[in-house]
There are 2 protein chains.
Amino acid sequence: MARTAGSHAETTGPRVREAAQRLIARHGYAAVSMRQIAAEVGVQAGALYLYTPDKQTLLYDLMRLHMEELLATVEALPPLDDPRAALDRFARFHIGHHLDRPEAVFIAYMELRNLTPENFAAIEALRRRYEEGLAAILRDGVARGAFALPDLRLATRAIIAMLTGVTHWFRDMGPMGRDEVAACYAEMVLKTVAAP
Amino acid sequence: MARTAGSHAETTGPRVREAAQRLIARHGYAAVSMRQIAAEVGVQAGALYLYTPDKQTLLYDLMRLHMEELLATVEALPPLDDPRAALDRFARFHIGHHLDRPEAVFIAYMELRNLTPENFAAIEALRRRYEEGLAAILRDGVARGAFALPDLRLATRAIIAMLTGVTHWFRDMGPMGRDEVAACYAEMVLKTVAAP
DNA sequence: AAGGTATCTGAACGCCGGTTCAGTTCAAGC
DNA sequence: GCTTGAACTGAACCGGCGTTCAGATACCTT
């Protein structure tokens with residue numbers, strides 16, 4: 001056998017990435033084989049190499065696309081003058097965006113160590129750029145007296161860790177809805193950095 | 001060749017666990033082979049099976065021992081009446097304890113999905129018991145008017161996520177010392193749940 | 001000194017890993 | 001309808017995987 005009926009690169013390519021994302025999020029990069037990904041797509045393992053040069057690049061592309069989408073979305077938001085409003089929106093955006101993409105988020109936070117040093121550096125740079133967006137909000141808030149915090153860098157990381165933590169336990173069908181959860185987190189974040 | 005000079009179960013056993021902890025923390029459970037662990041100990045792969053029935057149990061034991069030590073330590077702390085003092089101490093304890101054991105902490109948070117369902121349930125139960133310790137502090141603080149928070153369970157998880165996040169970036173030799181970092185976090189945590 | 005046991009080696013087992021490639025089939029353009 | 005190239009198969013390559021076990025050696029007891 002060879003080429004199968006109804007096969008197209010435009011559909012198979014994305015399906016490879018989707019299958020890889022689903023499997024890697026569930027079992028981890030090292031525990032997932034190219035043959036498993038291929039089986040999920042309904043294809044032999046060799047065919048995957050029409051869509052990725054190797055397994056490592058497949059992982060890297062998943063993480064890069066996720067980070068690029070995250071940055072593009074957050075940087076497209078219209079600026080807000082009030083620091084409190086900006087922080088509130090950031091918290092709600094972060095939670096909403098992450099809850100919409102649990103698999104990509106999981107991979108982005110768990111598979112960093114499986115990247116080659118060069119790929120790691122590239123992802124890390126994107127991550128820092130996102131972090132800097134929050135840091136700018138906090139810095140502005142401190143300068144204008146709305147916020148008070150012991151250390152800017154530390155507060156930035158603490159808030160992101162707190163917000164991202166929601167993806168570890170949130171499940172639809174739970175007692176709280178997404179917006180309700182986001183509102184609670186936004187309230188706590190604002191208190192965390194509020195000026196006395 | 002066979003038994004090597006100076007070999008003792010009391011020294012090799014712990015060395016196996018230490019090597020496994022170091023390697024798994026660095027590369028991940030699925031990416032580390034029994035032969036790599038054996039090489040780190042200075043032994044052939046077969047010898048590991050004198051100290052663990054299989055690779056899965058080796059991982060499980062690492063996580064169980066870590067959680068048991070964490071629980072034993074936190075539950076041995078003398079009670080504090082003031083909710084604010086209790087929360088402050090919890091935050092500092094959590095950060096200090098976790099910064100002392102970066103490898104065990106990393107494994108405990110990253111390798112949950114590589115546990116068998118039974119082992120996962122056991123670890124999850126220990127984790128919930130730890131979480132409940134913090135929840136009790138918050139609940140008491142709310143009842144006595146010291147704290148105000150939108151949702152107890154959510155606040156508990158948010159605080160633990162925030163505090164544990166420190167292990168992802170903290171490095172000795174950085175600009176801040178451990179106690180300084182712990183103090184900053186404690187201050188932020190207290191503000192997060194403070195009554196208005 | 002001798003015997004017994006604890007400790008480890010080294011080789012083997014069967015299986016699965018990522019990756020390559022010659023060959024086969026489908027689909028689209030002329 | 002024919003040709004051409006894109007899409008895929010199936011088998012192979014070489015290496016590593018977790019695990020087992022018979023045999024060899026070191027240590028401890030007496």
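Proteins get letters first, then strands, A, B, ... in listed order; numbering begins at 1 in each.
The side chain of Thr4(A) places no N or O atom within less than 4.0 Å of a non-bridging phosphate oxygen (OP1 or OP2) of dT25(C). Residue Thr12(B) has no polar side-chain atom (N or O) positioned under 4.0 Å from OP1 or OP2 of dT7(C).
Cation-pi contact between Arg64(A) and Tyr60(A): present, with separation from the ring centre below 6.0 Å and deviation from the ring axis of at most 45°.
Taking the charged nitrogens against the carboxylate oxygens, Asp88(A) and Arg92(A) do have a contact shorter than 4.0 Å, which makes a salt bridge.
Aromatic rings from Tyr109(A) and His66(A) are positioned such that their centres are separated by 6.0 Å or more.
Residues from residues 16-42 of chain B with heavy atoms under 4.0 angstrom of DNA chain C, sorted by number: Arg35(B). Against DNA chain C, the stretch residues 48-58 of chain A makes heavy-atom approaches under 4.0 Å through Tyr49(A), Asp54(A), Lys55(A).
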Check against side chain to side chain contact (heavy atoms under 4.5 Å, CB included), Glu187(A) and Leu190(A): CA-CA 5 Å; Glu187(A) 181 184 335; Leu190(A) 280 169; over 6 Å; no
Derivation and outcome, side chain to side chain contact (heavy atoms under 4.5 Å, CB included), residues Arg113(A) and Arg26(B): CA-CA 8 Å; Arg113(A) 65 173 152 197; Arg26(B) 177 127 49 200; over 6 Å; no
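At a threshold of 4.5 Å between non-hydrogen side-chain atoms, the residues Trp169(A) and Leu154(B) count as touching. No side-chain heavy atom of Leu77(B) sits less than 4.5 Å from a side-chain heavy atom of Phe90(B).
Atom CD in Gln44(B) sits about 14 Å away from atom C1' in dA24(D), given to the nearest Å.
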